[in-house]
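Okay, so here's the structure we're looking at.
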Amino acid sequence: MLKFKMSKLCSVAPAALLALSFSPAWAGTFDDAPVLGIFGDGTVFSDIEEGILEPGIKAVTTTPNADFPNTKSPSGIDNCLMANNPDFECQAPQGSGKRIKTRLDGTDGMDISLSTQSSSGISEYFLYGKTSNLTGARVSSLTLQLGTGTGLDFTPMDASDPALAALFDVDYENRFNLPDGLFGNGGQEDAGIGFFDEERGLLAVTRTDAATLDAVSPTNAVYKALFGDAILDNSMLPDAFFWDASATALASDEPIPLAWYNNSQAQWVYGNLGITASPELDERLQILSDSLGVTVTDLAYVGGAAVPDDIAALMLADPLFEEAPLEDLRNVNLNFIIDLGDVDGNQVTLRITPQFADIVAGVETQDQFETAAFLDAMANVPYMDLGNSAVYQAAISSLLAMSAEERANGLESIDFSFLQAFPNIGFEFSRNQISTIMNSRSGGNTPDVPVSSKGLATAMKMGEDVSCLLGIDAVRSAYDTTPNTVGYDIDFTSLSVGVEKFTDDNSSFGLLFGVTKGTAEAAAGRGEIDTTGLSLSAFGRTHFGEGGFAQAVVGYQDLSYDTSRFVIGDTATGTTDGSQIFAALSGEYMYQTGAFNVGPTASVEYYKVSVDAFNETGAPAWNLAVGEQSGKIILGSVGVRGDYTVASASGNTLLTGSLAYTTANGDDMLVDTGFVGLVGSNNTVAGLDDNWADLQFGFESIVENKGTSTTILSGGYRGSFGSDYESHGLHLAMKMTF
């Protein structure tokens, strides 16, 4: 595979282009190895196993300055641009792999820069090409241009001066078509009619000028009835059954397509088996039935008719029958002739640009592009229609009538534009549990130690070696809008109780149970996620040296989500579950000066969340099927902490504070989403990736001290301040010792 962006030149090109820029020349033939570079949103296929060597293109010039009389067929044309297979020339047999395979994988198209040489004349070249749609959207038309330069420096050829240009031959009837195996005679091993129809799947090609070709949607009536008026994207392909018949009397070199899944009918449907009713068809059906262990009658074969359920089940269970996408529906064969004349600079560019429906072409972000492309497909691809195409078409018309800002908001509401809130609300819940433990310090099991630099936020102390932990928290966190995720606020409250056992004066271990409830509310009225979390954590901590202190936490959290998403006047709701594993390790070393203590701190935290797949209900045309989500977040912090003891008549008060720099790194997730009942597409959900400052301050105060009974009130604030993330939390606890 060879791919270069417009801003980069392939490794073989710089020296050649530098020389060309200082050595103007006239040109009339392509170099044998003509590729100077591939630029933009596209690739040229190469694969040694298939005999196609890098960079995937070669030129064959057998007859320089030839002017071939052909108008419909490449027969006899011995100059060509073809796949870089050293074993074949221009007149190799049909199906031998001559086609240059390009792949369009973005919105801007691709430039193929080719080098030329002088021939003092005009040479005609037949181009054997194929392009595949991997742009993410239906392609309503293709535009091919000849020019010089690439990217922003591309200049179309001057079509008014054919003697000094590279132009599309005006006499040849340019033919762009879907592969013959699907439409037209001679498909499937050259045995007869195509899988869908005996008529070819031709695109209507218009020569806008001698340097520009425009090819619009396939004209085949069967194609339009099944797949609409544009070229399908790779993500929109139906599945098909492919039969490995290599060990049968058919001795087919390639798997034979037998049937395809028509989603609008929720049914497997037979294709034409490559031949019309004849003894050959009878033979093929007999071999097929023998392979499946049934009779020909059981097959109930009729081209275009439903496959019996029991036959479909047998195919699914048989390793000789593979279920795979019908890839040729995304491919278009390109057949045209280039008249290569005297081009100044020894360089010619073939530019291939995809065009999209208006709703897709007018977007601003990748997320909007994916949503608009999906909506366009649901509205206009008949085989994908579950009865809502009219609703989607009306929505498209309404969106196109809006302002750009309103249209962007409307498109983003169709998608689950705040999927990122699922892992991050779990992260917030678990981070709060870690904070509760990390801030519930203990001075050991010595009963006469009041609030001190070691802290006593251990709540009620029962005996000399066991304490209870109790706390309540309220937190609000805000995540800013990014190009592909709408912003959202997370509000939650948490109640935590636990027990801690001291093994000696310096070390302890314990358990903490937490109940947390919160809501993630998306901006722009997109919706919300109500979440409940139940967590159980184990922890241990120890003092060392004169002022050292270390803590470790590991925990598990069970999560329940209830979602509401507001879309085009409807409310789609969903319910799912999730879980999270979390862990943390922290350490500090404090230096004491009278009543004041200060020292450095460091910590690392780990979170791994999983969310189950679910289907929405309540908005029939807009309900989404959301796939599984799984990702992790790692936090690292360094900072400084201090505390100060204030004596009072009733007992000591400890004032605490800390400031730390924290960096977060979270996994990006690919989450499959799509309308319920339809094939979805992968959406990228960006992980938490930010840096921020963590600020904490608080107090612990003995409010009552009566012999063996001591009551301690503690509280505090925790804040995080980043470029795209901000959080504020309050903590309050009542502690008693006996």
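Just so you know, these numbers come straight off a predicted model, no measurement behind them.
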> Excluding sequence neighbours, so at least two apart, what forms side-chain contact (heavy atoms from CB on, under 4.5 Å) with Ser73?
Replying inline: Ser75
>> Tell me which one of Asp67, Asn79, Ile77 satisfies side chain to side chain contact (heavy atoms under 4.5 Å, CB included) with Glu124.
In response: Asp67
> Side chains of Gln286 and Asp282: donor-acceptor distance under 3.5 Å anywhere?
Replying inline: no
>> Just verifying a value: how many Å separate Phe126 CZ and Asp169 CG, rounded to the nearest 0.5 Å?
In response: 10.5 Å
> Counting distance only, does the side-chain N/O of Asp233 pair as donor-acceptor with the main-chain N or O of Thr135 below 3.5 Å?
Replying inline: yes
> side chain to side chain donor-acceptor pair (under 3.5 Å) with Arg138: which residues, sequence neighbours excluded?
Replying inline: Asp229, Asp376
> What residues, two or more places apart in sequence or in another chain, satisfy side chain to side chain donor-acceptor pair (under 3.5 Å) together with Asp32?
Replying inline: none
> Rounded to the nearest 0.5 Å, how far does CG of Leu127 lie from NZ of Lys98?
Replying inline: 11.5 Å
>> Going by the rule ring pair (Phe, Tyr, Trp, His ring centres under 6.0 Å), which residues pair with Phe356 if we only count those two or more places apart in sequence or in a different chain?
In response: Phe369
>> Per the salt bridge (charged side-chain N to carboxylate O under 4.0 Å, His left out) rule, what does the pair list look like for residues 200-215, sequence neighbours excluded?
In response: Asp180-Arg200
>> According to salt bridge (charged side-chain N to carboxylate O under 4.0 Å, His left out), who are the partners of Arg175, at least two apart in sequence or on a separate chain?
In response: none
>> Going by the rule ring pair (Phe, Tyr, Trp, His ring centres under 6.0 Å), which residues pair with Tyr125 if we only count those two or more places apart in sequence or in a different chain?
In response: Phe30
> Cut-off 3.5 Å, side chains only: do Ser132 and Asn331 have a donor facing an acceptor?
Replying inline: yes
> Ala204: what forms a side-chain contact (heavy atoms from CB on, under 4.5 Å) with it, not counting sequence neighbours?
Replying inline: Val216, Thr219
> What residues form a ring pair (Phe, Tyr, Trp, His ring centres under 6.0 Å) with Phe168, not counting sequence neighbours?
Replying inline: Phe336
> Looking at residues at least two apart in the chain, or sitting in another chain, which of them share a side-chain contact (heavy atoms from CB on, under 4.5 Å) with Val60?
Replying inline: Lys58, Thr62, Cys80, Met82, Glu89, Cys90
> With sequence neighbours excluded, what pairs up with Thr349 under the side chain to side chain donor-acceptor pair (under 3.5 Å) test?
Replying inline: Gln347
> For Asp318, which residues count as a side-chain contact (heavy atoms from CB on, under 4.5 Å) partner, sequence neighbours excluded?
Replying inline: Leu292, Leu320, Phe321
>> If we ignore hydrogens and angles and just use 3.5 Å, is the side chain of Ser289 paired with the main-chain N or O of Leu285 as donor and acceptor?
In response: yes
> Are the ring centres of Phe68 and Tyr172 closer than 6.0 Å?
Replying inline: no
> How long is the gap from CD1 on Ile337 to OG1 on Thr71, to the nearest 0.5 Å?
Replying inline: 9.0 Å
>> How long is the straight-line distance from CG of Asp367 back to CG of Leu411, given to the nearest 0.5 Å?
In response: 9.0 Å
> Which value, rounded to the nearest 0.5 Å, describes the distance between Leu213 atom CG and Leu167 atom CG?
Replying inline: 10.5 Å
